[in-house]
Amino acid sequence: GAGAGAGAGAGGAAKIANKDAVEVSLDLIADTVVIKNITTSELNLEGWVIESETGTQSTTLPEGVVLAGGESVVVASGKKAKKTKLPHYVLWTKRFIWNNDGDKAVVKDSDGEVVATVEEKGDDAGAGAGAGA
């Protein structure tokens, strides 16, 4: 492996597309969206937008949401949401955003490109899926 990766990133050629750099999960009950940096490089999420498709609410991530490789940020809403603690926790609103019967989160980067779309069904759908596997 000697010399592996030499020149990577020169001119930004080796930059991983944002959609390949993150893993997004939505928890309707906890009212949280988690964005995980699945690369080994630092990722700045300032200006990224999370939208709830059902209610058309959206929030823009603030300055300071910079994730090291493998780290995650939780974007929380609802009554139990805590105060923002950068870079790993952002309070969206104390109102409930996500519809427990099913909702879809759309995450866009600061260029407005759709990075991820995550759809979760409500409690009834898929309950106990995989049981006994």
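One-based numbering along the sequence shown. This structure is a prediction, so every number in the text was calculated from the model and none was measured.
The minimum heavy-atom distance linking Thr54 with Lys104 is given by the pair OG1-N, 4.4 Å. The two residues His88 and Leu67 come nearest to each other via the heavy atoms CD2-CD2, 3.9 Å. Minimum interatomic distance between Ser77 and Trp92 (heavy atoms only, all atoms of both residues): CB-CB, 4.3 Å. Considering every non-hydrogen atom in both Val90 and Val73, the closest pair reads CG2-CG2, 4.0 Å. Pairing each heavy atom of Leu86 with each of Pro62, the nearest pair is CD2-CG, 4.1 Å. Residues Val75 and Ile50 share a closest heavy-atom pair of CG2-CD1, 3.5 Å.
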Where do Asn37 and Ser72 land on the side-chain hydrogen bond (donor to acceptor under 3.5 Å, both in side chains) test, with the steps shown first?
CA-CA 6 Å; Asn37 175 3; Ser72 302; over 6 Å; no
Kindly indicate, with the supporting measurements, whether the criterion side-chain contact (heavy atoms from CB on, under 4.5 Å) is fulfilled by Val107 and Val114.
CA-CA 6 Å; Val107 177; Val114 174; over 6 Å; no
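Between Glu51 and Lys108 there is a salt bridge, since at least one side-chain N of the basic residue sits less than 4.0 Å from a carboxylate O of the acidic one.
Rounded to the nearest 0.5 Å, atoms CG (Leu26) and CG (Asp103) are 6.5 Å apart. A distance of 5.0 Å separates CG of Leu91 from OG1 of Thr84, quoted to the nearest 0.5 Å. Separation of atoms CD (Gln57) and OG1 (Thr93) is listed at 8.5 Å; rounding is to 0.5 Å. Here Leu43 contributes atom CG and Ile35 contributes atom CD1; the two are 9.0 Å apart, rounded to the nearest 0.5 Å. Note that the CH2 atom of Trp48 and the OG1 atom of Thr59 stand 14.5 Å from one another [nearest 0.5 Å]. Here the OG1-CD distance, from Thr39 to Glu71, works out to 10.5 Å after rounding to the nearest 0.5 Å.
Val22 is listed as a side-chain neighbour of Val115, based on a closest heavy-atom distance under 4.5 Å. With a 4.5 Å cut-off on side-chain heavy atoms, Glu113 and Lys19 do not count as touching. Side-chain atoms of Trp98 and Val33, non-hydrogen and from C-beta on, do get closer than 4.5 Å to each other. Between Val66 and Glu42, some side-chain heavy-atom pair lies under the 4.5 Å cut-off. With contacts defined as side-chain heavy-atom distances shorter than 4.5 Å, the pair Glu53/Val106 qualifies.
With hydrogens and angles disregarded, no donor-acceptor distance shorter than 3.5 Å links the side chain of Asp31 to the backbone of Ala76.
There is no path of hydrophobic side-chain contacts, each under 4.5 Å, that joins Leu28 to Phe96. No single ILVMFWY cluster, assembled from side-chain heavy atoms under 4.5 Å apart, contains both Val49 and Val65.
Remark: Glu63 CD is loosely packed, at most 12 non-hydrogen atoms of other residues, nucleotides or ligands lying under 6.0 Å away. Residue Lys94 places its NZ atom among more than 12 non-hydrogen atoms of other residues, nucleotides or ligands, all under 6.0 Å distant.
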